[in-house]
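Take a look at the structure below.
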Amino acid sequence: MWEIGHMKITKEVWQVGGDSLTAPEDAAIYMICFGEQAALIDAGTGKGHEKLISNIEKCGVNASQIEYLFITHCHFDHTGGAEKVREEVSCKLIVHELDAIYLEKGDSDVTAARWYGKVLEPLKVDHKITSFEESFLVGSRRIKSFHTPGHSPGSVVYLVESEDKKILFGQDVHGPLDPSILSNQEDYIKSLKFLLSLKIDILCEGHYGIFEGERDIQSFIKSFL
Ligand SMILES: [Zn+2]
């Protein structure tokens with residue numbers, strides 16, 4: 001399935017980037033397309049940018065349909081490629097305000113860019129999420145964000161419904177927690193408990209792949225409690 005450059009989750013949700021799809025250091029990159037408009041969830045490191053664009057087109061989506069780049073959190077394996085994506089498709093970059101600070105400053109420590117031997121260039125954020133729950137219109141449908149701090153101060157998850165399934169983009173549900181990236185264990189535990197309460201059907205994780213079915217998802221999340 002990797003030869004075709006993406007993994008289809010539903011007829012309007014795909015994984016288009018990740019370690020075996022774009023570059024070994026990349027966290028997963030997901031795409032939704034609701035009618036005429038599409039959006040990406042996270043951007044990888046940027047090393048596999050050309051592959052990412054070609055993977056998007058292989059899903060039958062024109063890269064120019066991408067209106068938003070929703071960032072789950074500031075870490076470099078999710079954000080290093082954000083500027084390249086924006087330059088290519090001129091989409092809006094959405095980040096929670098508590099992680100946007102470190103992207104706008106170009107902080108290579110809190111964004112963990114240094115873990116990858118990289119420097120994070122300051123990044124302009126188009127919209128900062130400030131509340132616990134926000135909702136964005138993509139084409140004819142909505143994607144919701146929920147603030148789930150812990151792994152980083154401004155971590156968020158995004159929820160969509162597709163083919164009657166609740167699909168959650170929960171990148172880095174697994175952590176890790178580390179003082180250098182301002183993790184907070186108390187917040188993390190609270191956030192995991194909140195994720196359990198969402199009763200999702202499909203969990204799209206940043207590094208652990210895609211989980212389907214309530215039992216597998218609940219046991220994956222509970223394993224970090
Ligand atoms: Zn992370």
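Indexing begins at 1, ligand by ligand and atom by atom, following the structure's order.
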Under 3.5 Å, is there a donor-acceptor pair between the His151 and His75 side chains?
yes
Would Tyr30 and Asp42 count as having a side-chain donor-acceptor pair, cut-off 3.5 Å?
no
When you draw lines from the Zn ion (ligand 1) to NE2 of His151 and to ND1 of His75, what angle lies between them, to the nearest 10°?
90°
Look only at the side chain of Asp187 and the backbone of Gly150, and say whether a donor-acceptor pair between them is shorter than 3.5 Å.
no
If you consider just the N/O/S atoms, which atom of Asp172 is the closest one to the Zn ion (ligand 1)?
OD2
Considering just N/O/S atoms, say which atom of His73 is closest to the Zn ion (ligand 1).
NE2
Taking both backbone and side-chain atoms into account, decide whether His78 has an N/O/S atom under 2.8 Å from the Zn ion (ligand 1).
no
Closer than 4.0 angstrom, basic N to acidic O: yes or no for Arg141 and Glu12?
yes
